[in-house]
Amino acid sequence: MPELPDVENFRRKVERCCSNLTISDIVIADPASFEGSPTDARRRLDGRRLDRVQRHGKYLFLDFGEGNVIVMHFGPAGSLAAIKPGEEQPAYVRVRLDFSNGEQLAYINRRRIGRVRLVNSVDSFLSEMKIGPDVLDPAFDLARFRACLAGRNRAVKLILTDQTRMGGIGNTYSDEILFHARINPATEAGALDARGSNRLFRSMQTVLRTAVDLDPTTDGFRERLPARFLMPNRHPGGHCPRCGTELRQMKLASHTSTYCPHCQPVPSPPC
DNA sequence: TTAAGTGTTGCTCT
DNA sequence: AAGAGCAACACTTA
């Protein structure tokens with residue numbers, strides 16, 4: 001379920017493996033996973049060199065220069081693999097970039113939710129899609145974070161996961177962040193006081209940076225997580241790693257939210 | 001065996 | 001007009 005920490009590690013992988021390589025072919029194994037014309041893509045990309053790899057929210061951008069940017073979105077089940085010459089092809093490769101040195105970059109997606117497309121620029125794509133600021137961008141500071149929450153009567157969790165307000169957080173990490181900040185997912189966003197919104201902002205940065213550093217795209221991620229993380233305990237019947245209380249589930253906008261009823265009490269309604 | 005659960009985006013409906 | 005609800009997808013669990 002690639003959210004910001006996963007996609008950031010995909011970005012680093014591509015930067016490590018594919019920087020400055022030249023495209024020799026683009027293989028669209030599943031046309032439904034590619035938006036646009038394969039012929040046009042091949043014509044535009046053939047012989048181009050990978051200049052820059054960027055991430056914004058959950059989106060990954062491979063910039064080949066002169067208005068040729070590949071955008072990848074991974075949905076709930078997508079991933080990325082660098083394949084060396086002679087190495088076996090992984091399952092569910094939907095789109096593959098072949099480079100002139102024999103290296104391949106495979107966009108993998110078991111379920112076909114998520115897409116690869118070719119766009120003219122990162123900025124025009126983001127504004128067209130109405131994607132909000134990346135949550136780990138230094139420009140996205142406490143004041144801007146608070147502006148996203150202010151005056152909203154929606155559940156705070158729905159603001160955290162609203163990509164048009166802020167980009168990068170999905171269901172799993174929003175639960176983790178709210179657990180870290182000890183805030184109930186259903187708390188009205190606008191009802192958070194200054195201390196609460198500050199705590200939530202700090203928790204967002206701490207949780208996401210920790211996950212990025214531990215690299216969720218490699219084996220053993222769960223075992224490397226700090227003992228007080230919610231993630232390894234999210235299964236039904238799991239217990240709070242902080243106080244031992246049995247965790248509870250609630251549905252918010254048809255998504256499962258896991259929380260600790262003791263550490264994240266439902267805010268008492270105003271009298 | 002069938003049905004529900006999983007999570008993201010994008011659509012429709014209000 | 002913001003927000004709710006569901007469809008798409010494919011595979012797993014009850």
Side-chain angles (χ1 to χ4, degrees), chain A residues 1-11 28-36 55-61 70-80 90-95 106-119 122 124-135 147-179 185-191 207-208 211 216-217 221-222 230-238 247-259:
Chain A
M1 302 134 273
E3 301 180 28
L4 186 149
D6 310 73
V7 181
E8 174 58 21
N9 280 283
F10 290 150
R11 190 194 69 74
I28 295 167
D30 173 38
S33 295
F34 187 85
E35 194 174 294
R55 180 194 58 75
H56 186 110
K58 304 175 192 172
Y59 290 91
L60 184 66
F61 300 93
I70 285 190
V71 189
M72 294 179 171
H73 188 272
F74 298 93
S79 67
L80 210 51
Y92 306 109
V93 174
R94 308 297 184 185
V95 178
Y107 170 85
I108 297 165
N109 205 335
R110 184 165 57 73
R111 299 155 66 178
R112 294 183 295 179
I113 303 177
R115 273 184 167 50
V116 179
R117 52 193 123 195
L118 181 57
V119 301
V122 174
S124 65
F125 173 78
L126 290 173
S127 66
E128 203 174 300
M129 300 289 286
K130 300 185 172 23
I131 304 296
D134 182 88
V135 291
C148 296
L149 306 174
R152 317 232 134 248
N153 56 1
R154 303 178 77 192
V156 62
K157 161 148 174 165
L158 300 180
I159 305 290
L160 290 179
T161 55
D162 181 349
Q163 304 302 301
T164 69
R165 296 223 128 71
M166 54 184 96
I169 302 172
N171 197 46
T172 308
Y173 282 96
S174 60
D175 278 1
E176 193 67 57
I177 290 163
L178 288 160
F179 176 76
T187 309
E188 230 180 80
V207 165
L208 293 177
T217 69
F221 170 66
R222 283 164 72 98
L230 175 68
M231 235 176 270
N233 310 288
R234 271 173 61 97
H235 54 87
L247 296 171
R248 273 197 210 151
Q249 269 78 230
M250 70 164 99
K251 284 276 187 185
L252 242 29
S254 69
H255 293 294
T256 305
S257 292
T258 303
Y259 67 103

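Here the structure is a predicted model, which is why all the values come from computation and not from measurement. Residue numbers begin at 1 in each chain, while the letters A, B, ... track the order of the sequences.
Rounded to the nearest 0.5 Å, atoms CZ (Arg154(A)) and CG (Leu149(A)) are 12.0 Å apart. Asp162(A) CG to Lys130(A) NZ: the interatomic distance, rounded to the nearest 0.5 Å, is 12.5 Å.
The distance from atom NE2 of His235(A) to atom P of dG5(B) is 19 Å, rounded to the nearest whole Å. Rounded to an integer number of Å, the gap from CD of Gln163(A) to C1' of dG7(B) is 12 Å. Computed from coordinates, the His73(A) NE2 to dA8(C) C1' distance equals 14 Å when rounded to whole Å. Put simply, NZ on Lys58(A) is 8 Å from C1' on dG7(B), counting in whole angstrom units. We find that CG of Leu252(A) is positioned 16 Å from C1' of dT6(B), with the value rounded to whole Å. Lys251(A) has its NZ atom 12 Å from the P atom of dA4(B), to the nearest Å.
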Between protein and nucleic acid, restricted to nucleotides 11-13 of chain C and to nitrogen or oxygen atoms under 3.5 Å apart, what atom pairs and distances do you find?
from: dC11(C); atom 1: OP1; to: Tyr92(A); atom 2: OH; distance (Å): 2.7
from: dC11(C); atom 1: O4'; to: Arg110(A); atom 2: NH1; distance (Å): 2.9

If you restrict it to nitrogen or oxygen atoms, what contacts under 3.5 Å exist between nucleotides 3-7 of chain C and the protein, and what is each distance?
from: dG3(C); atom 1: OP1; to: Arg152(A); atom 2: NH1; distance (Å): 3.4
from: dG3(C); atom 1: OP2; to: Arg152(A); atom 2: NH1; distance (Å): 3.4

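Among the atoms of the strands shown, none is found under 4.0 Å from any heavy atom of Thr161(A). At a threshold of 4.0 angstrom between heavy atoms, the contacts of Glu3(A) are confined to the sugar-phosphate backbone, with no base atom among them.
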Run the side chain to side chain contact (heavy atoms under 4.5 Å, CB included) test on Thr172(A) and Met231(A) for me, step by step, so that the C-alpha distance in whole Å, both residues' side-chain angles and the decisive distance to 0.1 Å come before the verdict. CA-CA 8 Å; Thr172(A) 308; Met231(A) 235 176 270; 3.9 Å; yes

Yes or no on side chain to side chain contact (heavy atoms under 4.5 Å, CB included) for Asn233(A) and Thr258(A), after CA distance, side-chain angles and deciding distance? CA-CA 9 Å; Asn233(A) 310 288; Thr258(A) 303; over 6 Å; no

Dump the intermediate steps for side chain to side chain contact (heavy atoms under 4.5 Å, CB included) on Leu247(A) and His235(A), then the final yes or no. CA-CA 9 Å; Leu247(A) 296 171; His235(A) 54 87; over 6 Å; no

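Nucleotides of DNA chain B nearest to Arg117(A) and Met1(A) differ in position, and the one nearer the 5' end is that of Met1(A).
Across Ile159(A), Ile131(A), Asp134(A), a single residue satisfies side chain to side chain contact (heavy atoms under 4.5 Å, CB included) together with Met166(A), and that is Ile159(A).
Using a 4.0 Å cut-off between a side-chain N of Lys or Arg and a carboxylate O of Asp or Glu, Asp6(A) and Lys58(A) do not qualify as a salt bridge.
One finds no side-chain N or O of Lys130(A) lying less than 4.0 angstrom from the OP1 or OP2 phosphate oxygen of dG10(B).
Using cut-offs of 30° and 60° for the angle between ring planes, the Phe61(A) and Phe125(A) rings count as perpendicular. The aromatic rings of Phe74(A) and Phe10(A) sit tilted relative to each other, their planes meeting at an angle between 30° and 60°.
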